[in-house]
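Quick caveat, the model's predicted, so the values are computed rather than measured.
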Amino acid sequence: MPHVMSKLAFIGLGVMGGQMAKHLAAAGHSLVVYNRTRSKADAWVVEHGQGRASAVDSPADAASDVDAVIACVGNDDDLASVTLGRDGAFRAMTKGSVFIDHTTVSAKIARQLAVEAKGMGLHSVDAPVTGGQVGAVNGTLTLMCGATDAGIAAASPFMKAYSSRIVHVGAPGAGQTTKMANQIAFSGIIQSLGEALRFAQAAELDLDRVFDSISGGAAGSWQMTNRWATMVRDEFDFGFAIDWMRKDLGLAFEEARANGATLPIAALVDQFFADVQGMGGGRQDTSALVRRLRKD
């Protein structure tokens, strides 16, 4: 399948999807885009379409006669609607084409879509992302993919337009469970980082020097490098909201109930995120978890 001047459909032009679609247009692809709010799709075409994009009124209209359909929507229900609904993409896709989903959803629906796709002669790839809004803007996302080898081969030429790393982690559904592992690990990191910062403040240490001392060692992390200074300044407007993190952790807890894993730290931190939601911070990014540790 050619990776330039292909005809693609993109469904969902939010903070992440709109940027991914922009990279595809910049790479030379022709796009048909669908967004639940039509005016948003029209605006995207004007701003980013480069004369090679058009907006349509349904996922099925977008998916007709394209090489790949790429989606980045909100949750399981949204994904089911745009794929399997009355005007869903699957009924209009061409046999042999590939469906690529970048939504963070349950592994259950990812596996269901793979079965449906196979029965219709389609490829399906569940490919949730990490790297945040900055990664989407810069085209440097990491994609964790669940698919067959043939599905990855069909999808990779397109996914390269907005990612710096594509990892085929396993069979359909494995991309979503890998994203859950990412969120489980991340939840503990952000909580412990907040505790370290508040401890250093209570000890009246120079926080810049503390960062210089510990960021290069075993305590260092992406989160420390990119959010320590902004947490110190109480700045929490960096993309991935606490509301979305709680949705993702809920998916992880559901999967853990099925596979027998125990997640005591993630469950505790989820309640801490709920505390920050109660403080009005649901739309703030996840580093706002540090807010609940302030004494004043």
Side-chain angles (χ1 to χ4, degrees), residues 1-13 17 20-35 41 49 52-73 76 78-103 105 107-129 141 143-163 165-176 178:
M1 186 175 294
H3 66 279
V4 292
M5 299 307 293
S6 295
K7 186 178 180 183
L8 309 176
F10 206 103
I11 298 171
L13 299 170
M20 294 180 200
K22 182 179 75 171
H23 288 295
L24 289 165
H29 300 294
S30 173
L31 270 73
V32 184
V33 299
Y34 167 79
N35 197 76
R52 293 188 296 272
S54 60
V56 294
D57 290 322
S58 75
D61 289 340
S64 178
D65 191 30
V66 297
D67 298 305
V69 176
I70 305 168
C72 189
V73 292
D76 282 33
D78 296 330
L79 182 59
S81 176
V82 301
T83 53
L84 304 177
R86 184 180 62 183
D87 295 318
F90 274 25
R91 74 176 184 86
M93 288 178 69
T94 303
K95 188 173 181 179
S97 60
V98 58
F99 175 72
I100 305 165
D101 177 39
H102 294 304
T103 317
V105 290
K108 180 179 179 181
I109 193 169
R111 297 179 189 118
Q112 177 188 353
L113 290 180
V115 170
E116 297 281 354
K118 183 177 180 181
M120 303 171 90
L122 308 172
H123 301 292
S124 179
V125 180
D126 54 285
V129 310
L141 294 167
L143 313 182
M144 47 207 87
C145 304
T148 63
D149 289 341
I152 287 292
S156 291
F158 308 120
M159 297 191 297
K160 287 176 181 176
Y162 42 82
S163 64
R165 192 176 187 195
I166 299 170
V167 183
H168 184 193
V169 293
Q176 295 298 342
T178 300

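Shown here for L13 and A41, the closest heavy-atom pair between the two residues is CD1-CA, 3.7 Å. Shown here for P172 and A114, the closest heavy-atom pair between the two residues is CB-CB, 3.4 Å. Scanning all heavy atoms of the two residues, the minimum distance from G151 to V125 falls at O-CG2, 3.6 Å. Pairing each heavy atom of S58 with each of D87, the nearest pair is CB-CB, 3.9 Å. Scanning all heavy atoms of the two residues, the minimum distance from A9 to A62 falls at CB-O, 3.2 Å. Closest heavy-atom contact between V32 and V56: CG1-CG1, 3.5 Å.
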| field | Residue pair Q112, L84: steps toward the side-chain contact (heavy atoms from CB on, under 4.5 Å) verdict | value | CA-CA 10 Å; Q112 177 188 353; L84 304 177; 3.7 Å; yes
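Without hydrogens or angle criteria, H168 side chain to C145 main chain gives no donor-acceptor distance under 3.5 Å.
Summarising the geometry, atom CZ belonging to R111 is positioned 15.0 Å from atom CD belonging to E116; distances are rounded to the nearest 0.5 Å. Separation of atoms CD1 (I152) and CD1 (I100) is listed at 8.5 Å; rounding is to 0.5 Å. Atoms CZ and OG, from F90 and S97 in turn, are 9.0 Å apart once rounded to the nearest 0.5 Å. Taking CG of L31 as the reference point, atom NZ of K7 lies at 10.5 Å (rounded to 0.5 Å). The OG1 atom of T83 sits 10.5 Å away from atom CG of D78, with the distance rounded to the nearest 0.5 Å.
Residues meeting the side chain to side chain contact (heavy atoms under 4.5 Å, CB included) test with V105, sequence neighbours left out: D76, L79, D101, T103, I109, Q176. Not a single salt bridge (charged side-chain N to carboxylate O under 4.0 Å, His left out) links D61 to another residue, sequence neighbours left out.
Using a 4.5 Å heavy-atom cutoff, the side chains of K118 and S124 are not in contact. Residues F10 and C72 form a side-chain contact, since some pair of their non-hydrogen atoms from C-beta on lies under 4.5 Å apart. M93 is listed as a side-chain neighbour of V69, based on a closest heavy-atom distance under 4.5 Å. Side-chain contact between M159 and L141: absent, with no pair of heavy atoms (C-beta onward) separated by less than 4.5 Å. Looking at heavy atoms from C-beta onward, D126 lies out of side-chain contact with L113 at the 4.5 angstrom threshold. I70 has its side chain within reach of Y162: a pair of non-hydrogen atoms, C-beta onward, lies under 4.5 Å apart.
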